[in-house]
Structure formats: C-alpha cells, structure tokens
Asks: 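Below: one structure in structure tokens.
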Amino acid sequence: YLRNKSFLQNECKADYIQRGLFYFVFRHATKEDIPVIEKIISNSKIKIHERGLNHIQEDIERAEAYLMEINDRVEGYVVVSCNALQDYDHINGEWLSNDGKYAVIRHLAIKDPEEYVGQTANIIIHVIYMAKEQGLTSIRFDIGENNSEMLAVIEYINLYKKRLIYCGELLSSHYFRTKKRLTFELLVNNY
C-alpha cells in the first residue's frame, strides 16, 4: 500500500511540474541541508545573530528548522519554535492571546529576493496550518522597525484576511539590544 501511495504522490508531483504548476513541500531541514541553508541566508537580508551560522545545526537538532521546496528546489528557510520565548514576555503593548500556546517564526529567509513577498507569505501560511494542527492558539514574530520587506509581507497577507496584528514593541531582546523590534501575532483559530 505504501509503495502505491508513494507512486501516486510522485506521479501527481511529476504531473504538476510537467504542466507548469507549482508543487510545494514544507519539510523539516536535515544536517545535509546545511550548505543550502547557509547559501540562502547569505543571499538574504536576514542577519544571523552573535552566535553565527553554528546555530543552524542546533535548530535542526531541535526539529525547529524547515525548508520550503517548490518543484524539488529549496526556495525558503524558516525556524519555527513552539517553545515560549522569554523575550516575548515583555512588550510595550499587549498580545492577542495569553495562554502560552503559540509558535514563533524566526530566521525566515528566501532564496530569490524578487519573490520575497509571495514566498514569505507562503511560508507563513504553512506555519499557520502547522500551528493549527498542533493545537496552538497563534503565531508570533518580531521585526525591525525599518524592515520594509516584512512590512510588505504583512500588508500582503492581511489583504487576504489573515490578520497579522501589530501588538507592540519588544522591550527586551538578547539578540537585538539596540534596535527597535515590532511584534505581530495572528490567531490561528480562524483557519
């Protein structure tokens, strides 16, 4: 049965690609993916904090690193943590949910800068469905106040009624001590 199922999935995938359609896969990253992840990060605008690129392996070992593939090509990378972050306990504002059941999006990077808004939105939508399947209440993330690319992504997602809501400014962050960080949250129970 599994062979037939695998065969059908591969046939469906090949058919999509042959017809010029997109075939998306959102999967856990593995240690073998580290060179690809490093390349995506080095080509993107995100900065990996003081710990450098060594943390990629730690994120993979914690099963928090994910890749988005389109037609068998890795196009995006994201770290999604389902463990509450202490930095998120202190914001100048208020979160939409307070039950502690949230996922945090970190280190999101896209291979092709020209596709940044659309591909980033695809990753966030995959994270929404993943969080919902795990029984989480919301997804949260923070961005620099001058991050025009992510602000465009938020505007794009909100255009389709996903409602990423600004919640306030992060008051303490061990990664960004001097930069202003804006926090956003999306409740997943609407999807």
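From a predicted model like this one, the values you see are computed outputs, not experimental measurements.
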Asks: Closer than 3.5 angstrom, by distance alone: can the side chain of W95 be matched with the main-chain N or O of Y88 as a donor-acceptor pair?
Replies: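 Yes, W95 side chain to Y88 backbone: donor-acceptor pair under 3.5 Å.
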Asks: Pair I91, R181 - check side-chain contact (heavy atoms from CB on, under 4.5 Å), show working.
Replies: CA-CA 10 Å; I91 66 169; R181 305 292 295 173; over 6 Å; no
Asks: Applying side-chain contact (heavy atoms from CB on, under 4.5 Å), run through M150 and I124 and close with a yes or a no.
Replies: CA-CA 11 Å; M150 273 306 290; I124 291 172; 4.2 Å; yes
Asks: At their closest point, which heavy atom of P35 faces which heavy atom of K31, and how far apart are they?
Replies: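 That would be CD-O, 4.3 Å.
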Asks: Rounded to the nearest 0.5 Å, what separates atom NE2 in H55 from atom CD in E64?
Replies: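 So the gap between those two atoms works out to 11.5 Å.
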Asks: Is there a side-chain contact (heavy atoms from CB on, under 4.5 Å) between I139 and I105? Walk through the geometry before answering.
Replies: CA-CA 7 Å; I139 60 167; I105 295 176; 4.0 Å; yes
Asks: For E114, does the CD atom sit with more than 12 other heavy atoms under 6.0 Å from it, leaving out its own atoms?
Replies: no
Asks: What do the steps show when you test D142 against T183 for side-chain hydrogen bond (donor to acceptor under 3.5 Å, both in side chains), and what is the final call?
Replies: CA-CA 4 Å; D142 62 276; T183 61; over 6 Å; no
Asks: Please check if I123 and L136 belong to a single hydrophobic cluster, counting links between Ile, Leu, Val, Met, Phe, Trp and Tyr side chain heavy atoms closer than 4.5 Å.
Replies: no
Asks: How long is the gap from CE on M68 to NE2 on H126, to the nearest 0.5 Å?
Replies: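 Interatomic distance, M68 CE to H126 NE2, rounded to 0.5 Å: 7.5 Å.
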Asks: Rounded to the nearest 0.5 Å, what separation is found between the CD1 atom of I60 and the NE2 atom of H28?
Replies: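 I60 atom CD1 to H28 atom NE2 measures 11.0 Å (nearest 0.5 Å).
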Asks: Thinking salt bridges, do D59 and R106 make one under a 4.0 Å N-O criterion?
Replies: yes
Asks: F184 vs F141 aromatic rings, parallel, tilted or perpendicular, using cut-offs 30° and 60°?
Replies: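 Parallel.
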Asks: State the CD-CD1 distance between E61 and I56, to the nearest 0.5 angstrom.
Replies: 12.0 Å
Asks: For the backbone of L96 and the side chain of E185, can you confirm whether one donor and one acceptor N or O come within less than 3.5 Å of each other?
Replies: yes
Asks: Provide the closest heavy-atom pair for A121 versus V153 in the form atom of the first, atom of the second, distance.
Replies: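 A121 and V153 have their closest heavy atoms at N-CG1, 4.2 Å.
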Asks: Between V188 and A131, which heavy-atom pair has the shortest distance, and what is it?
Replies: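 Nearest pair, atom of V188 first, then A131: CG1-CB, 4.2 Å.
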Asks: For Q134 and C82, which heavy atoms make the closest approach, and how far apart are they?
Replies: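 Shortest heavy-atom contact: OE1-SG, 3.4 Å.
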Asks: Hey, does M130 have a side-chain heavy atom less than 4.5 Å from the side chain of V80?
Replies: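 V80 reaches M130 side chain to side chain.
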Asks: Please examine the side chains of I154 and Y166, heavy atoms only from C-beta on, and report whether any two atoms are closer than 4.5 Å.
Replies: no
Asks: Measuring centre to centre across the rings, with the benzene-like ring taken for any Trp, is Y66 within less than 6.0 Å of Y77?
Replies: no
Asks: Would the distance check show the side chain of N158 and the main-chain N or O of R163 forming a donor-acceptor pair, the cut-off being under 3.5 Å?
Replies: yes
Asks: When you check the gap from the basic side-chain N to the acidic O, do R27 and D33 get nearer than 4.0 Å?
Replies: yes
Asks: Report the distance from atom CD of E115 to atom CD1 of I110, rounding to the nearest 0.5 Å.
Replies: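 So the CD of E115 and the CD1 of I110 are separated by 9.5 Å.
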Asks: Output the distance between atom CG (L164) and atom CD1 (I157), rounded to the nearest 0.5 Å.
Replies: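 So the CG of L164 and the CD1 of I157 are separated by 5.0 Å.
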Asks: Side-chain contact test, heavy atoms from C-beta onward, threshold under 4.5 Å: evaluate it for N189 versus T137 and give yes or no.
Replies: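 Answer no - side chains too far apart.
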Asks: May I have the step-by-step check of side-chain contact (heavy atoms from CB on, under 4.5 Å) for L170 and L182, ending in yes or no?
Replies: CA-CA 6 Å; L170 200 60; L182 309 177; over 6 Å; no
Asks: Please check if the side chain of T120 supplies one atom and the backbone of V117 the other of a donor-acceptor pair under 3.5 Å.
Replies: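 Looks like no, no N/O pair under 3.5 Å.
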Asks: Heavy-atom distance under 4.5 Å between the side chains of R140 and S97, does that happen here?
Replies: yes
